[in-house]
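Encoded as structure tokens, the structure appears first; notes follow it.
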Amino acid sequence: MDTVRVRFAPSPTGGLHLGGVRTVLYNYLFAKHHGGTFVLRIEDTDQKRFVAGAEDYIMNCLEWCGLLPDESPVKGGPFAPYRQSERKHYYYQYAQQLIDAGYAYYAFDTPEELEHMRSRFKTDANPVPQYDHLTRMDMRNSLSLSQEQVIELLGKGTPHVIRLRMPQNTVIKMKDLIRGEVEFDTSLVDDKVLLKADGMPTYHLAVVVDDYLMKITHAFRGEEWLPSAPVHLLLWKYLGWEKEMPQWAHLPLILKPDGHGKLSKRDGERLGFPVFAMDWCDPRTGEKTTGFKERGFLPEAFVNILAMLGWNSGTEQEIFSLQDLVEQFSIDRVHKGGAKFDYEKAKWFNQQWIFRKTNEELAVLVRPFIERKGAIAKLDYLEKVVALIKERCHLLTDFWEQGHFFFKAPEEIDLSAIAGKWNQSKTDFFNDWVQASSDIKSWDAAEIEQHFNEMATARGLKKGELMLPLRIMLVGGKYGPGVFDIAAMIGRSEMSARIQRVLQQLG
RNA sequence: GCCGCGUUGGUCAAGGGGUUAAGACGCCUCCCUUUCACGGAGGAAUCACGGGUUCGAAUCCCGUACGUGGUACCA
């Protein structure tokens, strides 16, 4: 086999979707597994949908995931340029070649005329008429018009597109790496536009031309492309490049967890989880969408989750580093069916990756999430906090939820948890404890606990009845690590201040 | 409508003629823990349906149903 070359070819129209990242991942893994090259190509052929900043955003996402391309618009490479808008001249040339060979034709129909055709031919049996062998002779194109008319229209600079002339009654067979043999009847496929009136190619022409020119050996893309595969196959053939055609693999879709259909940005908003890799702000509408990164996911976990959504190693291993994946990935273990995204499992993966981080690493990762809340987090202190609470955190954002009391006194105190069983002897105990605690020489958890126990015993109080109140006073609620660990961390005076404050509220 | 692709517990899934049909997430019970977690032990829950082929089908074939994608001068 020639050196493996794969590409991810997004169009810069907005946030980078989960499914998109998974396509990147599988491309990347396949390439690296085979010692090949991963290319990023920007498919910006639709000027109407172009969004400023989207390309940089995609690059940032790939960088965060650790899936950097070997060739790209910013990095360059032997097949530059890597933006289709900068490769315009190629497409025109090949479209012309197809016309000359009789495989394509000029079409002068206006959008209104197309609309008219669709309504004119619309029946119950055929609700969406296509521009195909049944209708093309009723339209204004170089097949239906005389040569003189065509020359005249062209000469006047009449806006026109170039369409592929789909043959009739031909069965196109394709071998898909994931699905095996797939067949299509060309009579059912329409005459796709290859070159648009603005001179830009459509996806169909561009993907074939660029895959050829960039020597792509394996083309992976979402399953939604499968129906247009016969168009691409034919183009490879008509352009005379059949022998160099890449092997195809159509990846299963990622579906909504509930209901039906492809997972969309809206589902994330509706169900409360991210869909984009990173935060995305649409420059046109100002609309912000949360990403996995900002939601507190580790890139290792994000990649791991995506890898397992549609692929498995055949073993019981579930936690894979990128390196593990590169070593073990194989395209024939990719599933055929779509997978519903399960956010609960996604969080579990992240938790597993949190456990695998050292406290030093976690402190650095968690710091921005703590500072975002307006707290000051010194790394050595944060390292200790993180050690105490990491096993109850699924997301990086959980570190604040689970440990805010290490940084500032709790604002909300769940008095209801203790008020019912409160009495004067407890008030006395805690008042005296504040005083007595100044006698503790070594302010560590064990020492504090020992003094606490002794004092409780001396007063005939049960330690168990006092620990929950202490926790509520220090933390605000019924959660968190060992209460004496917390006392040790926040220090004696802070402990005392919190106790006294709650005592007042109870009082 | 038509065409393509798919279908193993609620979810991710292993298994591809003979298995007690793995495992994970989630859920439930219990243990550990004077909080919450983590950890440990259990539990409920699955081969879409109907026909074949076969001694034997979750596995192979054909239908049906359902799901999903496509049917743009969007990708």
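Chain naming here is simple, since letters A, B, ... match the order of the sequence lines and numbering starts at 1 in each.
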**Message:** Starting the side chain at C-beta, find the nucleotide from B:C73, B:C36, B:G4 nearest to A:Tyr479.
**Reply:** B:C36
**Request:** Scan A:Pro481 against the nucleic acid and name what it touches under 4.0 Å (heavy atoms): base, sugar-phosphate only, or nothing.
**Result:** base
**Check: A:Lys345 side chain, B:A24 base, donor-acceptor under 3.5 Å** = yes
**Message:** Of the listed nucleotides (B:A37, B:C74, B:C25), which one gets closest to any side-chain atom of A:Asp342?
**Reply:** B:C25
**Message:** Hydrogens and angles aside, do A:His250 and A:Arg179 bring a side-chain donor and acceptor to less than 3.5 Å of each other?
**Reply:** no
**Asked** Between B:C27 and B:U33, how far is it from one C1' atom to the other, in whole Å?
**Response** 22 Å
**Asked** For the pair made of CG in A:Leu251 and P in B:C5, what is the distance, rounded to whole Å?
**Response** 17 Å
**Prompt:** Under 4.0 angstrom, heavy atoms only, what part of the nucleic acid is A:Arg49 near: base, sugar-phosphate, or nothing?
**Reply:** base
**Request:** Verify the contact: side-chain N or O of A:His335 to OP1 or OP2 of B:A14, cut-off strictly under 4.0 Å; return yes or no.
**Result:** yes
**Whole angstrom value for the distance that separates C1' of B:C38 from CD of A:Gln352** = 11 Å
**Request:** Using a 4.0 Å heavy-atom cut-off across all strands, classify A:Arg118 as base, sugar-phosphate, or nothing.
**Result:** sugar-phosphate
**Request:** Mind checking A:Leu114 for me? I need base, sugar-phosphate or nothing, with any heavy atom below 4.0 Å counting as a touch.
**Result:** base
**Asked** Do A:Asp267 and A:Ser264 have a side chain donor and acceptor closer than 3.5 Å?
**Response** yes
**Item:** salt_bridge(A:Arg83, A:Asp44) N-O dist < 4.0 Å
**Value:** no
**Message:** I need the NE2-P distance between A:His394 and B:C25, as an integer number of Å.
**Reply:** 10 Å
**Request:** Could you give the distance separating B:C5 and B:C38 at their C1' atoms, to the nearest angstrom?
**Result:** 43 Å
**Salt bridge flag under 4.0 Å for residues A:Asp211 and A:Arg41** = yes
**Asked** Does a donor on one side chain and an acceptor on the other come within less than 3.5 Å for A:Ser321 and A:Asp324?
**Response** yes
**Asked** Which is true for A:Asp185 with a 4.0 Å heavy-atom rule: it touches a base, it touches only sugar-phosphate, or it touches nothing?
**Response** nothing
**Message:** Heavy atoms only, 4.0 Å cut-off, all strands: where does A:Lys462 land among base, sugar-phosphate and nothing?
**Reply:** nothing
**Request:** Among B:U34, B:G70, B:C2, find the nucleotide with the atom closest to the side chain of A:Leu188.
**Result:** B:C2
**Message:** Please tell me if A:Asn312 has a side-chain N or O lying less than 4.0 Å from either OP1 or OP2 of B:A14.
**Reply:** yes
**Asked** Would you call the rings of A:Tyr203 and A:His232 parallel, tilted or perpendicular if under 30° counts as parallel and over 60° as perpendicular?
**Response** perpendicular
**Asked** NA contact type, A:Val189, heavy-atom cut-off 4.0 Å: base, sugar-phosphate, or nothing?
**Response** nothing
**Nearest to side-chain heavy atoms of A:Glu224, which nucleotide of B:G10, B:A75, B:G23** = B:A75
**Inter-nucleotide P distance (B:C30, B:U35), Å rounded** = 15 Å
**Message:** Could you check whether A:Arg333 and A:Asn312, counting side-chain N and O atoms only, form a donor-acceptor pair closer than 3.5 Å?
**Reply:** yes
**Asked** Would you say a side-chain N or O of A:Lys48 is under 4.0 Å from OP1 or OP2 of B:C74?
**Response** yes
**Request:** Quote, to the nearest angstrom, the P distance that separates B:C32 from B:A24.
**Result:** 23 Å
**Message:** I want to check one thing: is the phosphate of B:A75, taken as OP1 and OP2, less than 4.0 Å away from some side-chain N or O of A:Lys196?
**Reply:** yes
**Prompt:** Heavy atoms under 4.0 Å, any strand shown: does A:Gly337 hit a base, just sugar-phosphate, or nothing?
**Reply:** sugar-phosphate
**Asked** Considering heavy-atom distances to RNA chain B, does A:Gln130 or A:Glu183 have its closest nucleotide positioned more toward the 5' end?
**Response** A:Glu183
**Item:** Bracket notation of RNA chain B in which parentheses pair within the strand, [ ] cross earlier pairs, and | pairs with another strand (Watson-Crick or G-U, under 3.5 Å)
**Value:** (((((((..(((.....[....))).(((((.......)))))....(((((..]....))))))))))))....
**Message:** Could you report the tightest heavy-atom contact between A:Ile472 and A:Ile413, atom names first, then the distance?
**Reply:** CG2-CG2, 3.7 Å
**Item:** Closest nucleotide among B:U34, B:C73, B:U35 to the A:Arg471 side chain
**Value:** B:U35
**Item:** Minimum-distance nucleotide to A:Lys340 side chain [options: B:G26, B:C12, B:C5]
**Value:** B:C12
**Message:** Less than 4.0 angstrom between a side-chain N/O of A:Arg333 and OP1 or OP2 of B:G15, yes or no?
**Reply:** yes
**Request:** Decide whether a cation-pi geometry holds between A:Arg163 and A:Tyr131; the criteria are a distance under 6.0 Å from NZ or CZ to the six-membered ring centre and an angle within 45° of the ring axis.
**Result:** yes
**Message:** Can you check the distance between B:C66 and B:U8, where both ends of the measurement are the C1' atom (answer in whole Å)?
**Reply:** 16 Å
**Fill in**
Among B:C5, B:G69, B:C73, the one nearest any side-chain atom of A:Glu223 is B:C5
**Asked** Heavy atoms under 4.0 Å, any strand shown: does A:Gly310 hit a base, just sugar-phosphate, or nothing?
**Response** sugar-phosphate
**Asked** Starting at the 5' end of RNA chain B, which residue's closest nucleotide do you reach first, A:Glu449 or A:Ser11?
**Response** A:Glu449
**Prompt:** Is it true that A:Phe220 and A:Tyr26 have ring centroids separated by less than 6.0 Å?
**Reply:** no
**Prompt:** So, is A:Lys192 near the phosphate of B:U71, with a side-chain N or O under 4.0 Å from OP1 or OP2?
**Reply:** no
**Asked** How is A:Ala339 classified with respect to the nucleic acid when contacts are heavy atoms under 4.0 Å: base, sugar-phosphate, or nothing?
**Response** sugar-phosphate
**Request:** Measure the distance from NZ on A:Lys347 to P on B:U11 and round it to the nearest whole Å.
**Result:** 18 Å
**Prompt:** Expressed in angstrom and rounded to an integer, what is the separation of A:Leu466 atom CG from B:U34 atom P?
**Reply:** 15 Å
**Message:** Whether A:Lys463 contacts B:U35 is assessed here as follows: a side-chain N or O lying under 4.0 Å from the phosphate OP1 or OP2. Is that the case?
**Reply:** no
**Request:** Using atom CE of A:Met308 as one end and atom C1' of B:C12 as the other, report the distance to the nearest whole Å.
**Result:** 8 Å
**Asked** Considering only side-chain heavy atoms of A:Glu318, which listed nucleotide, B:G70, B:A24, B:G1, is closest?
**Response** B:A24
**Item:** Between A:Asp210 and A:Tyr90, a side-chain donor and acceptor under 3.5 Å
**Value:** no
**Fill in**
Tightest non-hydrogen contact, residues A:Asn350 and A:Ala301, listed as OD1-CB, 3.1 Å
**Prompt:** Which listed nucleotide (B:A24, B:G70, B:U71) is nearest to the side chain of A:Val128?
**Reply:** B:U71
**Asked** For A:Met174 and B:G4, what is the distance between atoms CE and P respectively, to the nearest whole Å?
**Response** 13 Å
**Message:** Can you tell me which nucleotide in B:C74, B:U35, B:G69 comes closest to the side chain of A:Arg392?
**Reply:** B:U35
**Request:** May I have the distance from A:Glu316 (atom CD) to B:G15 (atom C1'), rounded to whole angstrom?
**Result:** 12 Å
**Prompt:** Any side-chain N or O of A:Thr45 under 4.0 Å from OP1/OP2 of B:A75?
**Reply:** yes
**Request:** Identify whether any heavy atom of A:Val193 sits under 4.0 Å from a base atom; if not, whether one sits that close to sugar-phosphate; answer base, sugar-phosphate or nothing.
**Result:** sugar-phosphate
